[in-house]
Asker: 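Take this structure, written in structure tokens, and hold onto it; I'll ask about it next.
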Amino acid sequence: MNTFERIYEIVKQIPGGKVATYGQIASLAGNPRLARVVGYALHVNPEPDEIPCFRVVNRNGCTSKAFAFGGEDHQRMMLELDGVIFTDDGRVDLDKCLWDGNVNTVKIEKSSDITEE
DNA sequence: CGAGTGACAGGAC
DNA sequence: TGTCCTGCCACTC
């Protein structure tokens with residue numbers, strides 16, 4: 001599987017009420033340095049209906065302005081509806097809403113749920 | 001085919 | 001603690 005495909009699968013594995021950082025996804029993708037590729041992957045976002053790019057934030061806990069696919073506030077609303085806590089800084093509370101999929105939740109590398117080739 | 005850019009992250013100052 | 005430079009992979013010109 002290509003790195004791109006892997007990134008997509010990981011992002012799709014993000015549960016509601018939680019968010020993940022580019023670096024985190026990059027680590028799951030194989031290399032923590034792939035953070036840039038992660039951003040690019042979400043940038044193209046071939047399946048926005050399956051890929052919750054709004055759940056992906058940078059290390060600061062916020063998304064870039066270029067991420068304004070429908071308004072920065074729109075993203076915040078989506079996250080709040082998911083149960084994600086926002087700080088007064090207007091950023092995601094990574095301390096409580098950070099996805100712990102890096103521990104032992106995700107396992108797409110062997111999962112046959114991919115069905116994509 | 002080669003160089004540059006991009007929704008980032010991490011180390012150094 | 002905050003800002004700047006570098007590293008990485010994929011895509012475009």
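Per chain, numbering begins at 1; letters A, B, ... match sequence-line order. All values derive from a computational prediction rather than experimental measurement.
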Asker: Could you go through the salt bridge (charged side-chain N to carboxylate O under 4.0 Å, His left out) check for A:Glu9 and A:Lys12 one step at a time?
Answerer: CA-CA 5 Å; A:Glu9 295 303 316; A:Lys12 283 155 53 171; 3.3 Å; yes
Asker: Has the side chain of A:Asn58 got a donor or acceptor atom that lies under 3.5 Å from a matching backbone atom of A:Asn60?
Answerer: yes
Asker: Which sits closer to the 5' end of DNA chain B, A:Arg59 or A:Asn45, going by the nucleotide each is nearest to?
Answerer: A:Asn45
Asker: Between P on B:dA7 and CG on A:Leu79, what's the gap in Å once rounded to a whole number?
Answerer: 19 Å
Asker: Using whole Å, report how far CD1 of A:Ile51 lies from P of B:dA7.
Answerer: 17 Å
Asker: Nearest whole Å is fine: how far is B:dA9 P from A:Leu28 CG?
Answerer: 13 Å
Asker: Going by heavy atoms in the side chains, are A:Glu50 and A:Tyr8 under 4.5 Å from each other?
Answerer: no
Asker: Less than 4.5 Å apart, any side-chain heavy atom of A:Ile10 and any of A:Gln24?
Answerer: no
Asker: In Å, rounded to the nearest 0.5 Å, how long is the span from SG of A:Cys62 to CD of A:Gln75?
Answerer: 9.0 Å
Asker: Using atom CD of A:Gln24 as one end and atom P of B:dG10 as the other, report the distance to the nearest whole Å.
Answerer: 10 Å
Asker: At under 4.0 Å between heavy atoms, how does the protein contact nucleotides 6-13 of chain C? Give one character per nucleotide, 5' to 3', with B, S or -.
Answerer: -BBBSS--
Asker: Between A:Tyr40 and A:Ile7, is any pair of side-chain heavy atoms under 4.5 Å apart?
Answerer: no
Asker: Both distances under 3.5 Å, Watson-Crick or G-U wobble: on that basis, could you give the dot-bracket string for DNA chain B, with [ ] for crossing pairs and | for other-strand partners?
Answerer: .|||||.||||||
Asker: Can you tell me how far C1' of B:dG10 sits from CD1 of A:Ile25, to the nearest Å?
Answerer: 17 Å
Asker: Under a 4.5 Å cut-off applied to non-hydrogen side-chain atoms, are A:Phe54 and A:Leu79 in contact?
Answerer: yes
Asker: Considering only distance and modelled atom types, tabulate donor-acceptor pairs under 3.5 Å from the side chains of residues 85-94 of chain A, sequence neighbours left out.
Answerer:
| from | atom 1 | to | atom 2 | distance (Å) |
| --- | --- | --- | --- | --- |
| A:Thr87 | OG1 | A:Asp89 | N | 3.4 |
| A:Thr87 | OG1 | A:Arg91 | N | 3.4 |
| A:Thr87 | OG1 | A:Arg91 | O | 3.1 |
| A:Asp93 | OD1 | A:Asp95 | N | 3.1 |

